[in-house]
Amino acid sequence: MNNSLYALGDKQVNDISLKDLAKRSRYGGIFYLLAFWAAVFSSATAREHLDIIGIFSGCFLLIQFYRLVLFFKVFSSNEIDYPSYFSRYAFIYNSSALVWVSGSAWLFYVNPTIDLAVTVNVMAAAGISIGGVTVLAPSYKIMRSYFVLICFPFALGAGLLLDQPGNLIVAALIIGYGLFIFMTGKQQNRVYWQALNDNLKLSEQAEELEKAKIAAELAGQAKTDFLAAMTHEIRTPMNGVLGMAQLLSMGDLNEKQQQQVTVINNAGRTLMHIINNILDYSKINAEQLELEKISFSPAAVVNEVMSLLAPQFEKKPINFTCTLDDIPEFVQGDPYRVHQILYNLVGNAFKFTDNGEISIKAFCQESDDTNTVMLSFSVTDTGIGISAEDQQQIFEQFYQVSHFNPNIRGTGLGLSITQRLVELMGGRICVESEVGVGSTFTISIPFALSDQAACQESSALGGVGIKPDLPSNLHVLLAEDNKVNQMICEQFFLKLGCSVDLVETGVMALEKFNGSQQYDVIFMDCNMPEMDGFSATLAIRQIEKSKGLNQTPVIALTAHVEDDIKRQCLDSGMNAFISKPFLFEDLEFMVKKVRTGLHNEITFKEDSRKG
């Protein structure tokens, strides 16, 4: 079915227009019948011919019944012959027009006298019948044939059967009104099809955008998965490189050899810092970075950053200082991301400062909420400074102020990640700098105040199920399938005064644990053949529960750093998490915590310790 402007060749367009026509016309026959009754029963002469009135009424009812039948067929059929249905609707409206005109002509014949009542009835009937033209906006052809069949015969009947001279006036009014309604219907037909085509175009565009959105999401997820897999594969051999370099540095080396090993160590740490930045950047872009909300001590975070970075400052004549003003002892938030932010800022300051001083200052600002504190940290250096032009761009991704020193290189992501972390935590970051004088980076982040007693309780050792009074000479069970990692871990543990049993699978770890030997701590690789670390830990916890034993600390060893892997570690019953590549000080840090019975304090902390 076509009209003068638009083609109904598309199945979707046909379906929309046909259903629209079915909805518009389903009850039209009832109004024709009521209008017919109103016209004939207002005439005393017409009321005398009940048999003829019944015939016309029956015709209207049959047409109305057919309207309803078509309506339900249109909305219940899966496969529709559209040309056939449009032809049926053309039949309905043409039949309605012929029945209406015939009934009106009969009424004019039996009651030809024109008085006020007849005039009102005639014009009302004309208005109701011709007004149906606008209902047919979806189909121009049906509308046109309906108009011709109802308007001109109606006017002709009035002109021939009503008394003169009023008959010509009534006929002229019917034709004039009919033409007005037809032109209006024609305009509605154009508007209807323009709107329908516009809506279909918008629907197509929306569908294309949805497909593009899904494709972009899949591409983004593929990129994230690739980066996660890539970093996992890189971390495992890097663990061997850094571990062996550290073991070499602990040996009896001459000065030149020691310098060479130091270069390997520094290069490896720089590479891992770059990999961590890329992974964080990917997580932030994919909106997959989740923030913790736990109680922590801001002073402890600052002190840990100081202790971690202090060895770096032995390489340059730089005084590294810290000032803690009147700050809360405990707040609620994400201490690991605060640690990462401060680590990045101090590391950045160290990169661009050759001598002088770098200082960290922590202080509070006023907050509108009595339960919230605005905690600020500033990192000030006496380095090369940043020009006003560069200050506008230093937080952009991949931007580097490297023209001051061509030997300084990086990913250009450190400050961008720092800014986005601060903003994710609801804070802000700003910089003040003067070329040749130095720079000050200040971050302000809102934290909820934390109850000191609750924080101390949460950071204390959980007394239920954890082995108390662990000996200083720990007996360690190491489950690791990589030979290089086995060698590195074993020698690290031996240097820390621990005895070690090695196994290569989760099944072997379970057998060892269920044997006669008791272990003070288990270091468990997550990915192993036969049985992975998660399943092995779950089985170990089940054995402890069935035998009524205290829990043995289980520390995860894995090259995965994703948050869902960390949650999986916790859910399986592990107590802490060390990501590969790990350094000697990472194992030393964990062993000290286990020896003092405080391993619960450092759950997943080591990931932030690596900046």
Side-chain angles (χ1 to χ4, degrees), residues 23-71 88-136 142-143 145-182 184-185:
K23 287 179 181 178
R24 288 166 175 253
S25 63
R26 55 181 160 173
Y27 299 124
I30 296 176
F31 293 102
Y32 279 114
L33 179 61
L34 294 176
F36 176 74
W37 283 349
V40 297
F41 286 116
S42 64
S43 169
T45 305
R47 285 198 301 269
E48 296 175 358
H49 303 277
L50 294 179
D51 51 345
I52 297 178
I53 293 173
I55 292 172
F56 282 115
S57 298
C59 292
F60 282 123
L61 288 173
L62 286 174
I63 293 172
Q64 172 57 33
F65 177 74
Y66 192 34
R67 288 170 184 261
L68 291 176
V69 169
L70 281 183
F71 172 79
R88 294 177 192 181
Y89 272 105
F91 170 77
I92 284 177
Y93 273 93
N94 291 338
S95 299
S96 298
L98 291 174
V99 173
W100 180 261
V101 169
S102 300
S104 300
W106 171 76
L107 183 60
F108 297 157
Y109 175 74
V110 299
N111 191 17
T113 303
I114 298 178
D115 55 18
L116 180 61
V118 171
T119 302
V120 171
N121 283 336
V122 169
M123 298 314 298
I128 292 171
S129 59
I130 297 174
V133 168
T134 57
V135 176
L136 298 171
I142 297 177
M143 179 177 67
S145 63
Y146 173 78
F147 163 73
V148 171
L149 288 174
I150 202 166
C151 181
F152 293 108
F154 200 158
L156 182 62
L160 294 176
L161 301 175
L162 292 179
D163 291 340
Q164 295 181 352
N167 60 336
L168 298 178
I169 296 174
V170 171
L173 288 173
I174 291 174
I175 292 175
Y177 177 73
L179 289 172
F180 169 74
I181 292 297
F182 177 71
T184 303

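Everything quoted here is computed from the prediction, not taken from an experiment. Counting begins at 1 with the first residue of the sequence.
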Donor-acceptor pair, side chain of Gln64 and main chain of Cys59, under 3.5 angstrom: no
Main-chain N/O of Phe41 paired to Arg47 side chain as donor or acceptor, under 3.5 Å: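 Yes, Arg47 side chain to Phe41 backbone: donor-acceptor pair under 3.5 Å.
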Any side-chain heavy-atom pair of [X] and [Y] under 4.5 Å:
X      : Y      : value
Phe182 : Cys151 : no
Trp100 : Phe56  : no
Phe147 : Leu179 : yes
Ile53  : Trp106 : yes
Leu61  : Leu33  : yes

Distance check, rounded to the nearest 0.5 Å: [X] atom [atom1] versus [Y] atom [atom2]?
X      : Y     : atom1 : atom2 : answer
Phe65  : Leu70 : CZ    : CG    : 10.5 Å
Tyr146 : Ile92 : OH    : CD1   : 12.5 Å
Ile55  : Leu50 : CD1   : CG    : 11.5 Å
Phe71  : Tyr89 : CZ    : OH    : 8.0 Å
Leu149 : Asn94 : CG    : CG    : 5.0 Å
Leu68  : Ile63 : CG    : CD1   : 12.5 Å

What pair of heavy atoms forms the shortest contact from [X] to [Y], and how long is it?
X      : Y      : answer
Leu107 : Ala46  : CD1-CB, 3.7 Å
Val148 : Pro153 : O-CD, 3.1 Å
Trp37  : Ser57  : NE1-OG, 2.7 Å

Distance under 6.0 Å and angle within 45° of ring axis: Arg67 vs Tyr93: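 Output yes; distance and angle both within limits.
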